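Accompanying notes for the structure given below.
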Amino acid sequence: MTIRNLEGLFRPASLAVVGPNRFGDEALDLLLNRLADSGFKGPMTLVGCGKEAPAAFRTKRRIEDLDRAPDLLLYVGQASDAAAIIRTAGSAGTRAAVALAGGYDRWSDEDVRAALAAARPNTLRLLGPGSLGIAAPGANVAAHLGATDAQGGDLAFIARSGTIVNATLSWAASNRIGFSGAVSLGQRTDIDVSDLLDWFALDYKTRAILVHLETIANPRKFLSAARAAARSKPVIVLRSGASREVRGEGRTHAGRIAAPDAVFDAALARAGVLRIDDIDEMFEAAETVTRVKPVNGRRLAIVATGGSLSMIAADQLQRQGGTLARPGPDTQAALEGLQRPGVSHVNPLTLHETAPAEAYARAVSTLLDDKAADAVLAVVAPSAFSPVAVIAEALAHAHGARGHAHGYGSKKPLLVALAAGAPLPRQALDAARVPTHASAFDAVRAFMHLVRYAEGREMLMAAPPSLPADFSPDVDTARAVVRAALDQSRSWLTPEEISIVLDAYGIRQVPTRLAADPQEAGRIADAILGEGTRVALKLVSPDLPFKSDFGGVLLDLATREAVEDAARALGERVRRDHPHAQISGFALQPMLTRAQGQELFAGLADDPTFGSVLVFGHGGTGVEIIGDVALALPPLDLNLAQALIRQTRVSRLLSGFRNLPAADMDAIALTLVKLAQIAVDLPEILELDINPLVADRFGVCALDARIAVAEPATHAGRRGTSRLAIAPYPKEWERTLELKDGSTVRVAPVRPEDEDRYRAFFETVSPEDLRLRFFAPVKEFNHAFMARLVQLDYSRAMAFAATDPETGKILGVVRLHADPDHRSGEYAILVQSRLKGIGLGWALMQLIIDYAAADGIETIKGEVLKENTTMLAMCQALGFSVRSAPDDDAIAEVTLPVTAAPATP
């Protein structure tokens with residue numbers, strides 16, 4: 001359940017406050033007076049509270065006495081009575097209820113279950129308990145016990161904590177910031193953040209969505225909703241509670257490295273969400289990313305008053321991860337007369353303390369035109385000769401005069417820091433929609449918000465390269481190895497089993513042979529030494545997974561005798577120092593001679609909220625101390641893997657340094673994709689380390705690995721035993737279909753790497769067929785257009801592409817996009833113009849109907865131009881009902897109830 005009946009919360013036609021009141025007169029009077037003063041147009045009723053109400057209210061003793069059920073019920077009674085009230089109101093037609101409280105208030109599990117059971121038959125939506133309430137100024141709804149009224153505006157705000165709601169509303173009021181909606185979640189028994197993200201994503205009055213989070217109950221639902229919302233408007237998250245989280249409990253390096261808050265960061269980045277650290281920054285980020293267009297780089301040009309102020313801005317830019325732009329020769333020449341005497345550099349451009357407003361305007365205009373800068377920052381301090389207000393007006397005029405006045409549509413952002421006392425003279429800049437801040441630090445931070453927001457949107461719209469055609473893992477072999485270990489009640493795979501698993505996924509390893517005792521180790525060493533390499537010896541123990549902790553690795557052993565002596569001494573030492581540790585034997589490997597190889601780390605961890613997490617970074621024994629790691633949620637493609645690599649400092653070494661040649665970045669990225677696929681295919685693999693993974697220009701090779709396994713559990717919001725918070729590619733829906741003429745087509749779910757094939761497919765479709773599909777002529781298939789078609793969130797959308805088995809060219813596509821409630825879906829279909837009449841369209845429609853039934857979708861809908869008689873005939877033959885669209889007689893609405901019996905893929 002997501003947005004069903006939420007209009008009863010945000011756009012009610014009527015409301016009732018229902019008791020008996022358990023909070024005292026002060027809280028109830030605040031609520032009633034706020035509602036009475038809100039301008040709400042519908043009827044309002046006070047029920048069962050036994051007191052006089054403001055004139056805007058009528059009073060009733062019982063809810064049964066109402067002649068018509070209220071759309072919105074505001075409950076102020078006892079938790080134990082809630083179920084009965086909700087059942088009565090829901091049966092009568094109430095769509096939403098808020099279990100109000102003025103502060104922390106938690107119902108017992110028994111009362112919560114009873115209330116939800118009472119609400120469920122009528123799909124009554126419950127907010128809370130423990131909620132301060134909701135504000136929807138556009139609908140004149142002020143149904144809350146917050147400390148401050150919410151003013152009208154275009155920001156949506158969602159928070160669980162009542163304290164955060166009060167602090168945010170108070171901050172917003174003092175800074176004249178308004179809301180399209182503000183919601184206090186409370187205990188989150190029914191309505192949650194994901195539901196509200198879906199609601200506000202569709203709300204045209206909402207410009208950006210601000211969210212305060214602590215924990216997430218259903219990560220797949222949250223990430224799906226966040227990604228859908230972030231595609232249409234900025235989503236900004238403030239999270240608290242990281243300091244309470246315990247890290248370092250994993251059984252591998254990956255498990256210890258993947259701190260919960262770092263995983264949270266990775267999840268938000270994957271969803272295209274911007275994370276910030278405090279309330280002030282939340283509104284600052286909202287102002288910035290909604291006023292100007294996201295930037296395509298990190299290069300900032302700075303214009304500042306005086307040398308010290310300019311260097312403060314430049315220093316902050318470096319600390320926060322940006323770079324100073326390098327203006328071109330033409331720009332430098334144009335700025336020569338503006339630079340303060342004695343200063344050689346042009347960025348930051350240092351103006352004289354008494355520089356007039358015209359100098360700022362000219363400098364900003366020149367830098368906005370320079371292609372080497374992604375954005376421009378003007379830092380202005382007051383002087384007795386150049387008032388800040390006058391400079392601000394000149395900057396606003398320069399911004400508008402150069403075609404930058406339309407805010408979000410501007411080609412290049414201008415940011416301004418007014419280093420002056422409050423109140424800032426920012427009226428002209430606000431009118432020009434120029435983000436304005438009180439310090440260089442805040443302004444630079446705002447610029448980096450733009451950078452991160454742009455990078456997040458790029459991740460959402462990425463078009464990754466195709467995977468190598470020969471990457472076809474032997475999943476059955478790997479699964480059999482893991483299952484055998486679990487059947488023996490083991491939590492660790494042996495070195496031989498690890499080798500089989502990695503080999504099944506094409507991950508290259510140094511050959512490893514096992515010896516049960518020193519004598520066998522000597523015999524194996526003879527064979528390795530005979531190949532001309534020295535020997536690495538490692539003690540194997542399921543109780544001592546970190547070999548460096550006990551000196552369990554001995555290198556460069558040159559003789560059989562040295563190997564036997566080393567194995568004997570190592571075994572004796574471990575038995576003495578770790579008497580309870582089981583010793584399985586010794587692993588022997590040839591020494592890898594890669595003088596220019598870089599030691600990396602790659603692994604899988606298990607996060608309690610988001611499940612499987614991929615970890616990558618600088619490897620070796622100090623991996624946990626060095627801390628040069630980056631995290632990502634599987635599944636991954638090559639594009640996401642490359643982005644993960646770039647997040648680490650070691651990536652600079654991998655790109656080549658002095659006499660060190662560049663490593664094979666494609667091989668590293670492919671290895672990460674393979675590890676992510678292991679997480680998809682084998683939920684029994686709980687944690688995995690490859691350390692070190694040696695990379696050089698010839699490729700990658702795993703020197704050591706460990707794998708921890710456990711019986712998979714069923715997780716909330718995920719299918720079966722999958723531990724993934726992001727729905728993976730649904731390989732089970734790949735199949736071959738036979739058409740009427742006896743030919744066959746290969747059908748598979750659409751992937752991001754299909755973009756080029758998709759574009760080529762559109763070129764085979766006639767302009768007329770494209771017009772019938774998109775209801776308008778389509779002249780350009782640009783990346784943004786194509787990305788929306790091939791970047792699918794499989795949790796709420798599906799598209800199947802039928803391809804020629806021999807050429808791989810796309811012949812036809814059918815798609816289904818579920819509404820946020822996941823009860824109905826809208827279909828669309830298109831086939832090559834020359835292929836009509838052979839049954840391809842019919843076969844694809846049958847497949848999407850089967851998919852809808854398997855996915856639990858109840859109704860398939862579509863819109864068809866009435867002139868498209870071929871499509872209408874097929875829909876009628878498939879059982880669709882057809883009627884005219886109520887707002888356009890040229891369009892037919894087609895609807896098909898999906899059979900209740902699910903199809904099996």
Side-chain angles (χ1 to χ4, degrees), residues 729-751 754 757-775 778 789-790 792 797-817 825-855 857 859-883 891-905:
Y729 172 77
K731 187 177 178 61
E732 68 272 18
W733 282 96
E734 293 179 350
R735 60 200 57 209
T736 298
L737 300 180
E738 184 174 346
L739 306 182
K740 286 193 305 183
D741 63 355
S743 63
T744 60
V745 293
R746 184 66 181 158
V747 179
V750 170
R751 302 197 212 202
D754 290 330
R757 292 197 305 157
Y758 222 108
R759 185 178 288 106
F761 162 65
F762 278 147
E763 293 173 356
T764 69
V765 180
S766 70
E768 176 64 10
D769 284 343
L770 287 173
R771 184 185 68 82
L772 293 175
R773 161 65 177 87
F774 293 105
F775 289 22
V778 182
L789 297 178
V790 300
L792 295 180
M798 176 57 70
F800 292 114
T803 58
D804 186 312
E806 295 182 2
T807 66
K809 293 181 179 180
I810 294 179
L811 307 176
V813 180
V814 65
R815 61 194 311 111
L816 184 72
H817 195 285
E826 184 173 351
Y827 89 91
I829 186 170
L830 187 65
V831 300
Q832 281 191 17
S833 301
R834 65 178 181 83
L835 295 179
K836 293 180 180 179
I838 64 172
L840 178 58
W842 180 277
L844 288 174
M845 285 297 296
Q846 288 280 15
L847 179 60
I848 207 68
I849 292 169
D850 288 346
Y851 172 80
D855 201 42
I857 293 174
T859 306
I860 294 178
K861 301 178 181 180
E863 290 186 338
V864 182
L865 288 173
K866 287 185 177 179
E867 61 184 283
N868 192 353
T869 55
T870 302
M871 176 59 66
L872 289 175
M874 183 173 70
C875 287
Q876 289 175 319
L878 285 165
F880 283 80
S881 63
V882 181
R883 69 182 183 92
I891 296 175
E893 291 184 347
V894 297
T895 305
L896 176 71
V898 179
T899 177
T904 303

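Small disclaimer: the values here were computed from a predicted structure and weren't measured. Hydrogens, waters and symmetry mates are skipped; everything else that's a heavy atom, side chains included, is used.
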Quick one: list whatever passes side-chain contact (heavy atoms from CB on, under 4.5 Å) with Thr870, sequence neighbours left out. Asn868
Lys740: what forms a salt bridge (charged side-chain N to carboxylate O under 4.0 Å, His left out) with it, not counting sequence neighbours? none
Listed by chain and number, what are the salt bridge (charged side-chain N to carboxylate O under 4.0 Å, His left out) partners of Glu738, not counting sequence neighbours? none
Evaluate Leu840 against Gln832 for side-chain contact (heavy atoms from CB on, under 4.5 Å), listing each step before the verdict. CA-CA 9 Å; Leu840 178 58; Gln832 281 191 17; over 6 Å; no
Quick one: list whatever passes salt bridge (charged side-chain N to carboxylate O under 4.0 Å, His left out) with Lys861, sequence neighbours left out. none
Residues which pass side-chain contact (heavy atoms from CB on, under 4.5 Å) with Glu863, listed by chain and number, not counting sequence neighbours: Phe775, Ile891, Glu893
Under 4.5 Å between any side-chain heavy atoms of Ile860 and Ile849, yes or no? yes
Taking Ile857's backbone N and O only, do any of them form a donor-acceptor pair with Asp855's side chain (distance below 3.5 Å, no angle check)? no
side-chain contact (heavy atoms from CB on, under 4.5 Å) partners for Ser881, two or more places apart: Thr895
Any idea how Phe880 and Tyr827 line up, ring-wise: parallel (<30°), tilted (30 to 60°), or perpendicular (>60°)? tilted
Using side-chain contact (heavy atoms from CB on, under 4.5 Å) as the criterion, list what pairs up with Glu826, not counting sequence neighbours. none
Quick one: side chains of residues 799-814, donor-acceptor pairs under 3.5 Å with protein atoms, not counting sequence neighbours, listed by atom name and distance.
unit_1	atom_1	unit_2	atom_2	d
Thr803	OG1	Arg746	O	3.1
Asp804	OD1	Glu806	N	2.8
Asp804	OD1	Thr807	N	3.4
Thr807	OG1	Lys809	N	3.2

Pairs meeting criterion salt bridge (charged side-chain N to carboxylate O under 4.0 Å, His left out) with involvement of residues 864-882, two or more places apart: Arg771-Glu867, Lys866-Asp889
Results of ring-ring contact (aromatic ring centres under 6.0 Å, His included) for Phe761 - residues two or more places apart only: none
Mind checking what makes salt bridge (charged side-chain N to carboxylate O under 4.0 Å, His left out) contact with Arg773, not counting sequence neighbours? none
What distance do Met874 atom CE and Ile829 atom CD1 have between them, rounded to the nearest 0.5 Å? 4.5 Å
Residues in ring-ring contact (aromatic ring centres under 6.0 Å, His included) contact with Tyr729, at least two apart in sequence or another chain: none
